[in-house]
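One structure below.
For this chain, numbers begin at 1 and follow the sequence in order.
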Amino acid sequence: LIALANEPDPIQVTIAPNPAEQLCLISLSQPLTVATTLKLTDASGRTVLEQNLLPGQTKATLPVGKLASGSYFLQLDSDKTRHVRRLIKL
């Protein structure tokens with residue numbers, strides 16, 4: 001987890017299931033307060049999925065079934081913080 005704000009970010013990000021085969025659910029411990037971009041990047045840094053999340057959201061679903069097996073990085077970026085998690089695609 002990387003927090004870029006001056007104060008610790010209280011939002012916890014959970015990915016389930018992880019490893020995933022078809023779909024994974026991204027859950028946030030609190031509703032978003034600002035618009036946030038969700039990106040999934042491969043090991044080379046190429047963005048393979050991108051979604052815009054709205055204030056108030058606490059969940060997002062990622063369709064990963066068509067992705068190649070391997071490690072990916074999930075990023076949640078807003079103007080205040082960045083969260084990074086690793087996702088394994090089976």
_Partners meeting side chain to side chain donor-acceptor pair (under 3.5 Å) with Asp77 (sequence neighbours left out)_ = Gln75, Arg82
Distance-only donor-acceptor pairs under 3.5 Å for side chains of residues 40-50, two or more places apart:
{"from": "Thr41", "atom 1": "OG1", "to": "Phe73", "atom 2": "O", "distance (Å)": "3.4"}
{"from": "Asp42", "atom 1": "OD1", "to": "Ser44", "atom 2": "N", "distance (Å)": "3.1"}
{"from": "Asp42", "atom 1": "OD1", "to": "Ser44", "atom 2": "OG", "distance (Å)": "2.8"}
{"from": "Asp42", "atom 1": "OD1", "to": "Gly45", "atom 2": "N", "distance (Å)": "3.2"}
{"from": "Asp42", "atom 1": "OD1", "to": "Arg46", "atom 2": "N", "distance (Å)": "2.9"}
{"from": "Asp42", "atom 1": "OD2", "to": "Arg46", "atom 2": "NE", "distance (Å)": "3.1"}
{"from": "Asp42", "atom 1": "OD2", "to": "Arg46", "atom 2": "NH2", "distance (Å)": "3.3"}

May I have the list of side-chain donor-acceptor pairs in residues 56-69 shorter than 3.5 Å, sequence neighbours left out?
{"from": "Gln57", "atom 1": "OE1", "to": "Leu54", "atom 2": "N", "distance (Å)": "2.7"}
{"from": "Gln57", "atom 1": "NE2", "to": "Lys59", "atom 2": "O", "distance (Å)": "3.1"}
{"from": "Ser69", "atom 1": "OG", "to": "Leu90", "atom 2": "O", "distance (Å)": "3.3"}

*Any side-chain heavy atom of Leu76 sitting closer than 4.5 Å to one from Leu32?*
no
*Would you say Thr36 and Leu38 make side-chain contact, with heavy atoms under 4.5 Å?*
no
_Would you compute the distance between atom CG of Leu28 and atom CD of Gln12 and round it to the nearest 0.5 angstrom?_
10.0 Å
_Value rounded to 0.5 Å, distance of CD1 in Ile26 from NE2 in His83_ = 12.5 Å
*Should Leu53 and Ile15 be regarded as members of a common hydrophobic cluster, given that ILVMFWY residues are connected when their side-chain heavy atoms come within less than 4.5 Å of each other, either directly or indirectly?*
yes
*Please list, chain by chain and in numerical order, all residues satisfying side-chain contact (heavy atoms from CB on, under 4.5 Å) with Thr33, sequence neighbours excluded.*
none
*Scan residues 11-24 for pairs that pass salt bridge (charged side-chain N to carboxylate O under 4.0 Å, His left out), counting only residues two or more places apart or in two chains.*
none
_Smallest separation among heavy atoms of Ser78 and Ala35, with atom names_ = CB-O, 3.7 Å
